[in-house]
Amino acid sequence: MNHPDYIHIAGGDPSLYNEDLAPVPHERRHWGAFEIFNVWNNDIQSLFGYTLAASLFLSYGLNGWLTFTAIVVSGLIVMWLVNLSGRPSVRYGIPYAVMARSSMGVKGARFPALIRGVVAIFWYGVQTYFASTAVALAIHALFGIEDTGGGFLGLNGVDWIAYIIVAGFQIGLFLMGMEWVGKFLNWAGPFVYVVMIVLALMIWYQAGNGIWSEIGVIFQGGDSEYGTVSGFIAVVGTMVAYFAAVVINFGDFSRFVKTEGQMRTGNFWGLPVSMAFFSFIALFITAGAVVLFGERLTDPTAIVERVDSLALTLIAAVTFFAATVGINLVANFVPAAYDIANLSPSTISARTGGLITAALAFIIGALWVSVISAIGIAGFVDTLGAILAPLYGILIADYYVIKKRQLDIDQMFTAQPTGRYYYQGGWNQRAIMAVGIAAVFSVGTVWLPALQALAGFGWLIGAVLGGVFYILFMRRN
């Protein structure tokens with residue numbers, strides 16, 4: 001699909017423009033459906049993604065087919081959401097931080113970028129720590145070093161070496177450019193799948209055909225506080241919420257895709273199809289662990305440790321490392337780098353934004369064991385995430401309803417008061433009002449007991465309210 005109205009910016013106001021935020025010309029786009037497919041593969045196949053998938057079959061009391069259906073439905077919902085948010089970036093080649101200027105104003109767009117950046121930096125640090133545990137696992141296995149625990153900030157010497165290795169690897173990969181990030185994702189995604197399939201076959205070999213009867217037991221479901229309908233809704237809501245962080249800034253990746261059709265194809269195979277397949281592998285391995293060890297283990301590292309094989313331990317360590325680094329780049333590092341660059345484009349490039357992200361996140365990850373995990377700041381992060389929900393709705397409402405899919409890219413890079421997206425002093429006050437009102441609800445699902453039953457769908461409802469209020473306020477004025 002060609003875009004005859006695509007505009008490449010040769011320059012812009014220094015307070016709004018640098019080469020990283022400028023539209024990517026079509027001749028510089030090297031991503032296709034496979035790269036987008038692997039963006040989602042790496043998002044799904046993390047340690048947390050495996051645990052989540054396995055837990056869905058055990059925690060809600062649904063039979064297996066209903067759980068699978070709920071997972072596919074959630075994949076279709078997320079696919080629809082990212083097709084909407086990714087389309088304008090394919091057309092115009094701009095990241096989310098620039099796209100937000102259309103609705104929030106050229107200065108107001110720094111508000112969602114800052115919130116998204118804070119969330120991304122926090123999780124980037126945490127995921128860096130968890131990726132380092134895989135490297136530490138490999139070091140202990142290779143050199144026969146006993147895990148003594150303790151040490152500075154709760155990390156011993158091996159832990160620190162592993163942590164520094166992972167932090168340095170991620171920075172180096174990002175500094176090599178988005179093309180290399182894409183290559184890493186293309187390698188990591190299929191590699192993790194191959195290893196998970198091999199692990200499943202090993203479990204099947206050791207467990208024998210008794211694994212099928214255990215899968216049958218899990219598929220039958222069981223007692224639960226959830227009814228069939230509420231359990232189904234809960235699974236769908238949980239899976240949609242898992243991808244919420246990537247949904248809003250998916251344009252950061254779709255801007256590197258050549259055509260919209262390639263984006264849609266990658267989203268289809270990477271979301272509903274890949275989610276269903278990976279969830280089945282997680283279910284299969286979990287059932288095999290019941291047969292072998294008599295426990296329903298949803299943590300893949302615990303399963304690997306009990307198999308007691310050096311080769312498997314090393315392969316699993318590399319797999320967990322690749323999967324966790326993959327999701328870290330997709331969900332946290334790249335978005336944070338662009339969001340920070342948008343705060344002051346004349347002085348902060350995406351490269352510098354990435355270094356700032358890495359520095360702040362290094363501190364957060366180092367403090368995870370001794371300080372942050374003990375304090376528990378999930379409410380803080382969830383609150384910031386709830387504020388992001390209306391911003392997605394506003395992004396979609398602005399592009400498809402208010403602007404009728406037509407953007408003036410030149411005007412997104414001008415700070416002149418007469419600029420189309422300058423609004424009131426660079427801020428669209430109507431958009432800020434829509435965010436504030438809708439966020440009251442989405443934040444309420446985090447803190448108010450009366451709304452916590454809707455927590456799984458708090459993000460979706462907050463996004464809908466944000467879009468509706470934005471349309472009403474814009475048309476009224």
Side-chain angles (χ1 to χ4, degrees), residues 60 70 73-74 76-78 80-82 84-85 96 99-100 102-105 108-120 122-123 225-227 229-250 331 335 339 376-402 427-477:
Y60 293 95
V73 168
S74 64
L76 291 170
I77 291 173
V78 175
W80 178 66
L81 293 174
V82 295
L84 289 176
S85 62
Y96 167 71
M99 182 67 196
S102 173
S103 57
M104 305 298 294
R110 293 169 182 166
F111 165 70
L114 178 62
I115 298 297
R116 177 67 181 95
V118 170
V119 175
F122 173 83
W123 285 119
E225 60 183 294
Y226 296 91
V229 175
S230 60
F232 184 88
I233 292 175
V235 172
V236 173
T238 298
M239 289 301 293
V240 172
Y242 175 67
F243 293 102
V246 184
V247 165
I248 190 170
N249 65 271
F250 184 64
D339 292 338
I377 59 173
F380 169 73
V381 175
D382 289 346
T383 299
L384 293 180
I387 296 173
L388 287 173
L391 294 169
Y392 174 85
I394 290 173
L395 169 73
I396 300 305
D398 178 74
Y399 181 70
Y400 291 96
V401 180
I402 302 300
W427 293 72
N428 185 356
Q429 296 177 4
R430 285 160 287 182
I432 299 299
M433 288 174 56
V435 171
I437 296 174
V440 169
F441 173 84
S442 52
V443 172
T445 62
V446 177
W447 294 103
L448 298 179
L451 295 178
Q452 284 183 356
L454 298 174
F457 280 93
W459 190 93
L460 281 175
I461 298 174
V464 170
L465 291 177
V468 170
F469 285 129
Y470 179 76
I471 293 172
L472 293 176
F473 293 157
M474 292 296 287
R475 287 185 170 174
R476 179 181 175 185
N477 290 275

Worksheet entry | Test log, rule side chain to side chain contact (heavy atoms under 4.5 Å, CB included), inputs F473 and I437 | CA-CA 12 Å; F473 293 157; I437 296 174; 3.7 Å; yes
[X] [atom1] to [Y] [atom2] distance, which is reported to the nearest 0.5 Å:
X	Y	atom1	atom2	result
S102	D398	OG	CG	3.5 Å
R475	I402	CZ	CD1	5.0 Å
R110	M104	CZ	CE	13.0 Å
L114	D339	CG	CG	9.0 Å
S442	L451	OG	CG	10.0 Å
M99	F250	CE	CZ	14.0 Å

Worksheet item: With respect to V435, which candidate in L465, I115, L388, L391 satisfies the side-chain contact (heavy atoms from CB on, under 4.5 Å) definition?
Response: L391
Worksheet item: Residues in side chain to side chain contact (heavy atoms under 4.5 Å, CB included) with I396, at least two apart?
Response: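 Side chain to side chain contact (heavy atoms under 4.5 Å, CB included) check on I396 returns L84, S85, Y392, Y400.
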Item to complete: Start with the C-alpha gap between W447 and V443, add the side-chain angles, then the distance that decides, and say whether side chain to side chain contact (heavy atoms under 4.5 Å, CB included) holds.
Response: CA-CA 7 Å; W447 294 103; V443 172; 3.7 Å; yes
Practice prompt. State which residues pass side chain to side chain donor-acceptor pair (under 3.5 Å) with Y96; sequence neighbours excluded, sorted by chain then number.
Written response: none
Practice prompt. Quick one: do N428 and I432 satisfy side chain to side chain contact (heavy atoms under 4.5 Å, CB included)? Show the steps, please.
Written response: CA-CA 7 Å; N428 185 356; I432 299 299; over 6 Å; no
